[in-house]
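If you read the sequence from its start, that first residue is 1, and numbering goes on from there.
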Amino acid sequence: MSEQKRATRRRQQDHGGQPRRIPRQQRGRERFEKILAVAAELIEQHGSDGLKMSEIVEEAGLSFGALYQYFPDKTSIIRTLAERFNEEGRRCVEAELAKVADPAGLKAALANIVDEYYAFFRREPVMRDIWHATHTDKLLQQVDAEDMEFHAQAFLAVLVRLWPNRDRVELLAIARLTMQLLAAAVRYAVSLDAEEGARAIALFKTIQLVDIGRLVR
């Protein structure tokens with residue numbers, strides 16, 4: 001293993017794929033945001049695997065020292081972008097689930113969540129590459145797992161409210177599986193062209209709503 005690779009691995013282990021620090025002052029904040037914006041553009045062009053710290057330095061007009069001041073490696077940059085996209089998704093899910101007052105409302109909320117997520121991935125193609133990175137990089141897999149668990153717990157809270165007498169362990173299993181299937185369906189649909197992807201989403205909503213109705217009635 002080369003010295004450069006050993007140094008990269010040490011930085012990843014030291015920081016767990018997270019930023020070194022998040023600046024508070026305006027100048028540092030602007031530089032931080034510039035790095036993320038440039039990285040997102042490069043990921044969209046070349047994919048997460050093709051992201052290079054040297055290209056970020058060149059495109060952002062920074063020194064390596066300035067870059068490493070905030071991000072120890074590209075994993076920390078991808079993680080930060082992934083967490084930001086996840087925050088937007090969480091707000092969507094929370095807003096839809098907050099409207100649920102009965103089983104019919106639950107089905108409508110799930111359908112809206114599927115539509116919103118699909119539109120989000122179509123609108124932000126860079127997120128497809130970041131999602132790929134969160135599944136192939138061990139340090140980033142935690143980000144995806146934490147996001148899935150957040151959605152599952154939010155969904156569980158609704159299920160418990162609607163069916164308080166059902167076994168909580170069973171409801172948690174339903175919540176986790178539902179959210180995993182939803183995410184998988186959306187990610188599959190965005191791998192298709194727009195027309196075929198829309199058909200896939202429509203079919204999944206039909207299947208999902210029938211299945212969730214059988215499980216929680």
Side-chain angles (χ1 to χ4, degrees), residues 1-95 116-151 153-154 179 183-184 186-187 190-191:
M1 181 184 298
S2 69
E3 182 59 33
Q4 182 179 2
K5 289 184 178 179
R6 281 195 291 269
T8 298
R9 178 168 294 183
R10 284 196 297 271
R11 287 196 297 267
Q12 289 176 335
Q13 291 172 343
D14 290 343
H15 296 274
Q18 298 186 19
R20 195 181 300 276
R21 72 183 181 89
I22 299 177
R24 297 179 181 275
Q25 296 182 351
Q26 181 176 353
R27 182 182 178 187
R29 193 71 191 177
E30 290 174 353
R31 183 175 292 178
F32 187 85
E33 295 299 329
K34 177 68 172 179
I35 292 169
L36 292 177
V38 168
E41 291 176 0
L42 291 172
I43 291 172
E44 187 169 352
Q45 293 172 17
H46 309 299
S48 56
D49 291 339
L51 182 65
K52 294 180 174 62
M53 299 294 268
S54 59
E55 290 188 359
I56 296 174
V57 166
E58 182 179 352
E59 293 295 327
L62 301 172
S63 66
F64 276 99
L67 176 58
Y68 287 128
Q69 181 181 4
Y70 304 112
F71 298 98
D73 47 50
K74 74 173 189 177
T75 298
S76 62
I77 296 175
I78 296 171
R79 178 177 184 140
T80 302
L81 290 171
E83 289 176 340
R84 288 193 171 188
F85 282 122
N86 287 346
E87 286 176 7
E88 184 173 341
R90 290 180 182 189
R91 287 193 292 269
C92 164
V93 171
E94 286 181 319
E116 288 290 333
Y117 256 85
Y118 179 66
F120 173 66
F121 272 80
R122 283 291 182 191
R123 188 170 65 248
E124 300 286 353
V126 66
M127 189 55 200
R128 304 176 207 174
D129 289 299
I130 292 175
W131 167 78
H132 173 73
T134 61
H135 278 69
T136 57
D137 188 308
K138 288 186 178 180
L139 286 174
L140 294 174
Q141 287 172 2
Q142 179 188 358
V143 175
D144 190 66
E146 290 174 352
D147 190 53
M148 283 294 97
E149 186 61 19
F150 174 89
H151 294 311
Q153 292 295 332
M179 287 303 175
V186 171
R187 288 161 178 166
V190 296
S191 71

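- Considering only residues two or more places apart in sequence or on other chains, Glu94 meets the salt bridge (charged side-chain N to carboxylate O under 4.0 Å, His left out) condition with none of them.
- Look at Glu30 and Lys34 and you find no salt bridge, because none of the NZ, NE, NH1 or NH2 atoms lies under 4.0 Å from a carboxylate O.
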For a quick test of your reading: what N or O donor-acceptor pairs under 3.5 Å do the side chains of residues 48-56 make, sequence neighbours left out?
residue : atom : partner : partner atom : Å
Ser48   : OG   : Asp129  : O            : 3.3

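- Take Gln141 and apply the side chain to side chain donor-acceptor pair (under 3.5 Å) test, not counting sequence neighbours, and it matches no residue.
- Arg91 meets the salt bridge (charged side-chain N to carboxylate O under 4.0 Å, His left out) test with no other residue; sequence neighbours excluded.
- Considering OG1 of Thr80 and CZ of Phe32, their distance stands at 5.0 Å, rounded to 0.5 Å.
- The side chain to side chain donor-acceptor pair (under 3.5 Å) test applied to Glu41 returns no partner, not counting sequence neighbours.
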Checklist entry - Going through the checks in order, is the side chain to side chain contact (heavy atoms under 4.5 Å, CB included) test met by Leu36 and Arg84? => result CA-CA 11 Å; Leu36 292 177; Arg84 288 193 171 188; 3.5 Å; yes

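- Under the side-chain contact (heavy atoms from CB on, under 4.5 Å) criterion, Ala183 pairs with Met148, Arg187, not counting sequence neighbours.
- Partners of Ala66 by side-chain contact (heavy atoms from CB on, under 4.5 Å), not counting sequence neighbours, listed by chain and number: Arg31, Leu62, Ser63.
- From Arg128, atom CZ reaches atom CD of Glu44 across 9.0 Å, with rounding to the nearest 0.5 Å.
- Scored by the side-chain contact (heavy atoms from CB on, under 4.5 Å) test, Glu58 finds no partners at all (sequence neighbours excluded).
- Separating the CD1 atom in Ile77 from the CZ atom in Arg79 is a distance of 14.0 Å, to the nearest 0.5 Å.
- Each ring-ring contact (aromatic ring centres under 6.0 Å, His included) pair with one or both residues in residues 72-94, not counting sequence neighbours, appears once here: Phe85-Phe120.
- Going from atom OG of Ser191 over to atom CZ of Phe121 covers 11.5 Å, rounded to the nearest 0.5 Å.
- The salt bridge (charged side-chain N to carboxylate O under 4.0 Å, His left out) test applied to Arg123 returns Glu88, not counting sequence neighbours.
- With rounding to the nearest 0.5 Å, the separation of CD1 in Ile130 from CD in Glu83 is 11.0 Å.
- Atoms CG and CD, on Asn86 and Glu146 in that order, are 9.5 Å from each other to the nearest 0.5 Å.
- Scanning all heavy atoms of the two residues, the minimum distance from Gly89 to Tyr117 falls at CA-OH, 3.5 Å.
- Remark: Arg90 engages Asp147, Phe150, His151 in a side-chain contact (heavy atoms from CB on, under 4.5 Å) (not counting sequence neighbours).
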